[in-house]
Structures are given as structure tokens and as C-alpha cells.
A.B. asks: 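Dumping the structure here so I can ask a few things about it.
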Amino acid sequence: MKPVAIFRHSRTEGPGYFATFLDAHRIPWTLIKVDAGEQVPADPRGFSGLTFMGGPMSVNDDLPWIYEVLGLVNEAVDADIPVLGHCLGGQLIAKALGGKVTRNAVREIGWGTVTVEDNPQAREWFGATREFSGFHWHGETFTIPAKATRIAASPYCGNQAFALGKHLGMQCHVEMTPELIRSWCEDWEKELVAKAGPSVQTPQQMFERLEERVRALNEIAAGVYQRWIKGLKP
């Protein structure tokens, strides 16, 4: 099988549990370090699927690689190669497919409830799960692209995930590990404490029952990823 391409846009926002899942299923993958200046491939057909991780930038920023990624997503969808996006990655997919990315009403950071929609596409991706505790770290949000279906929401952000056939864009993070959460909090602790409130947790709040919460999130992620790998191109 061709490898899954994983795009990293920030040094501390790597694939996390997603890489663990792929390894467990013996699916090859390659990490494209956009943050380190590695080039965005011109052709998606060298990969079985494309996955885009998070990052602190906006998809509306004037960065050359953003335009390249948007074009790559469109080519992948046209070629029936599955794409998967986490947070910034979900916003990139949404914008590539014609959606808009704008400032969310509030910053949403930390653990928070994600409600799964009651529609066939949501059940296809989340099974019998109707609600779970997701991890959030964003200040912007996407609209649902034409022909795609919203499959998840949260109290602070109405569009948490959308599906279009074998393609999935998520605003929330399901790929988290304890190490990722600790590193993000270390990078942004001062900002978090200054802006803590109903939709923004402090590091101390995020660390409560951390191992237990991450294990539960990994179970949700495994179900979503299991559905996604079914569409991989051989």
C-alpha cells in the first residue's frame, strides 16, 4: 500500500494517536514537515490518503503552502483519495471544498462536550456514540461545504465535524496524547491563564484525570480512523 501522507504545520502539533493507530494497523505513513520547509507534494496520487494536522496559523493567512494544500485537497477529492483534517486541517479541507473559515464567537480551548448529529453520515463515522468529551484548541471555525454534512457540534462551536463520502474534516482534536496536551500547555500557558473562562480551560483543568480522558478520546478516535482507512487507495 502507498503511504498515508501526514502534514504537520507546527513542530508541536504532530500526528499523536493517529500515528499510533496507523502503526497498529500496519499502514505505512510519511510525515511531511511543512513547518520545517518541506514541500507540499504536487500530486496526491503517490499516497493512499492525506491527513492534515493542526497549527496556530489561519487558513486565511497569506502563506504559499496554504494555497498549495488547498489545491492538493481538491485534486485528492477528485481522484477519490480520502482526506482527513484535524482542527486547522479540517479548516483547510473546508476551505478547499468551498466553505469559509471565520473567527468563532469565542476561543474554545480544553476538554468539552461534542454532540454527534442524528443523521446517517454521523452514524457511519461515530457508530452508536451520541456524545463524547473532545479536546479543543481554536479561535476560528468553518462553514460546512456544499454537499458535505455536519456530523458533530459543541456548545461553543456549532460546526465540529463534517463528512463528504470518504472525506472527514474535524474542528476538534481526537488525536491527542498526554504528551501533546502537556507540550501545548507549556507553549501557551500564559495566554491560557489570562483568557481562562467558560470556553477556555487552564492547564490545571486540562490535566485533571488526563490519562483517563485521553484513553476515552483514543477510543473515539479509533472508531473514526477505522472508518477512514476503509477508503484508502491501495
A.B. asks: Answer yes if Tyr17 and Val4 sit in the same cluster of Ile, Leu, Val, Met, Phe, Trp and Tyr residues linked by side chain heavy atoms under 4.5 Å apart, and no otherwise.
C.D. replies: yes
A.B. asks: Could you please spell out the steps behind the side-chain hydrogen bond (donor to acceptor under 3.5 Å, both in side chains) verdict for Glu208 and Gln201?
C.D. replies: CA-CA 11 Å; Glu208 291 175 4; Gln201 293 181 344; over 6 Å; no
A.B. asks: Would you check if Phe18 and Leu84 make a side-chain contact, meaning some heavy-atom pair closer than 4.5 Å?
C.D. replies: yes
A.B. asks: In terms of hydrophobic clusters joined by side-chain contacts under 4.5 Å, are Phe52 and Val174 together?
C.D. replies: no
A.B. asks: Which heavy atom in Ser48 sits nearest to a heavy atom in Pro82, and how many Å separate them?
C.D. replies: O-CD, 3.5 Å
A.B. asks: Are Met170 and Phe135 connected in the hydrophobic side-chain network, where two residues link if heavy atoms are under 4.5 Å apart?
C.D. replies: yes
A.B. asks: What distance separates Ile27 CD1 from Lys2 NZ, expressed to the nearest 0.5 Å?
C.D. replies: 15.0 Å
A.B. asks: Could you state the interatomic distance from CG (Leu168) to OH (Tyr225), rounded to the nearest 0.5 Å?
C.D. replies: 9.0 Å
A.B. asks: Would you kindly confirm whether Val101 and Ile109 end up in one hydrophobic cluster when ILVMFWY residues are joined by side chain heavy atoms under 4.5 Å apart?
C.D. replies: no
A.B. asks: To the nearest 0.5 Å, tell me how far Ile32 CD1 sits from Ile6 CD1.
C.D. replies: 9.5 Å
A.B. asks: Where do Ile66 and Leu92 land on the side chain to side chain contact (heavy atoms under 4.5 Å, CB included) test, with the steps shown first?
C.D. replies: CA-CA 8 Å; Ile66 288 180; Leu92 285 164; 4.2 Å; yes
A.B. asks: Between Leu22 and Ile229, is any pair of side-chain heavy atoms under 4.5 Å apart?
C.D. replies: yes
A.B. asks: State, with a plain yes or no, whether a side-chain heavy atom of Glu108 is found less than 4.5 Å away from one of Thr141.
C.D. replies: no
A.B. asks: Between the side chain of Asn218 and the main-chain N/O of Met176, is any donor-acceptor distance below 3.5 Å?
C.D. replies: yes
A.B. asks: Apply side chain to side chain contact (heavy atoms under 4.5 Å, CB included) to residues Lys95 and Val73 and explain how you reach the verdict.
C.D. replies: CA-CA 10 Å; Lys95 185 168 182 176; Val73 169; over 6 Å; no
A.B. asks: For a quick test of reading the model, state the closest non-hydrogen atom pair linking Asp80 to Lys166 and the distance between them.
C.D. replies: OD2-NZ, 3.2 Å
A.B. asks: Could you tell me whether the side chains of Thr12 and Asp187 share a donor-acceptor contact shorter than 3.5 Å?
C.D. replies: yes
A.B. asks: Could you tell me whether the side chain of Pro56 reaches within less than 4.5 Å of the side chain of Glu13, counting heavy atoms only?
C.D. replies: yes
A.B. asks: Pro155 and Thr113: which non-hydrogen atoms are nearest, and at how many Å?
C.D. replies: CD-O, 3.5 Å
A.B. asks: The test is salt bridge (Lys or Arg N to Asp or Glu O under 4.0 Å); show your working for Asp118 and Arg130 and say whether it passes.
C.D. replies: CA-CA 8 Å; Asp118 184 16; Arg130 299 272 64 85; 5.5 Å; no
A.B. asks: Looking at Asp61 and Ser58, would you say the former's side chain and the latter's main chain have a donor-acceptor pair under 3.5 Å?
C.D. replies: yes
A.B. asks: Hey, are the side chains of Trp228 and Thr51 touching, using non-hydrogen atoms and a 4.5 Å cut-off?
C.D. replies: yes
A.B. asks: Does anything in residues 147-181 pair up under ring pair (Phe, Tyr, Trp, His ring centres under 6.0 Å), and if so which pairs, sequence neighbours excluded?
C.D. replies: Phe142-Phe162, His173-Trp184
A.B. asks: Provide the closest heavy-atom pair for Lys233 versus Met1 in the form atom of the first, atom of the second, distance.
C.D. replies: O-CG, 4.0 Å
A.B. asks: Within a strict 4.5 Å, meaning less than it, do heavy atoms of the Met206 and Trp137 side chains meet?
C.D. replies: yes
A.B. asks: List, by chain and number, the other hydrophobic cluster members for Tyr67, where Ile, Leu, Val, Met, Phe, Trp and Tyr join if side-chain heavy atoms come within less than 4.5 Å, directly or indirectly.
C.D. replies: none
A.B. asks: Find out if a path of hydrophobic residues (ILVMFWY) with successive side-chain heavy-atom gaps under 4.5 Å connects Trp125 to Ile93.
C.D. replies: no
A.B. asks: Is the shortest heavy-atom distance from the side chain of Val114 to the side chain of His136 under 4.5 Å?
C.D. replies: yes
A.B. asks: For Val106 and Asn104, run side chain to side chain contact (heavy atoms under 4.5 Å, CB included): C-alpha distance rounded to whole Å, both residues' side-chain angles, the deciding distance at 0.1 Å, then the answer.
C.D. replies: CA-CA 5 Å; Val106 295; Asn104 194 44; 4.3 Å; yes
A.B. asks: Which heavy-atom pair separates Val116 from Ala122 by the least distance, and what is that distance?
C.D. replies: CG1-CB, 3.7 Å
A.B. asks: Hey, what do you get for CZ (Phe7) to NZ (Lys33), rounding to the nearest 0.5 Å?
C.D. replies: 14.0 Å
A.B. asks: Rounded to the nearest 0.5 Å, how far apart are NE2 of His9 and SG of Cys87?
C.D. replies: 11.0 Å
A.B. asks: Quick check: does any side chain N or O of Ser199 sit under 3.5 Å from a backbone N or O of Arg107, one acting as donor and the other as acceptor?
C.D. replies: yes
A.B. asks: Give the intermediate values and the outcome of side chain to side chain contact (heavy atoms under 4.5 Å, CB included) for residues Leu210 and Arg182.
C.D. replies: CA-CA 10 Å; Leu210 182 60; Arg182 291 190 183 101; 3.7 Å; yes
A.B. asks: Examine distances only and state if a side-chain atom of Arg227 and a backbone atom of Gly127 form a donor-acceptor pair shorter than 3.5 Å.
C.D. replies: no
A.B. asks: Return the CG to CD1 distance between Leu72 and Ile81, rounded to the nearest 0.5 Å.
C.D. replies: 8.5 Å
A.B. asks: Taking all non-hydrogen atoms of both residues into account, name the closest pair between Gln171 and Asn159 and its distance.
C.D. replies: CB-O, 3.6 Å
A.B. asks: Met57 versus Trp65: any side-chain heavy-atom pair under 4.5 Å?
C.D. replies: yes
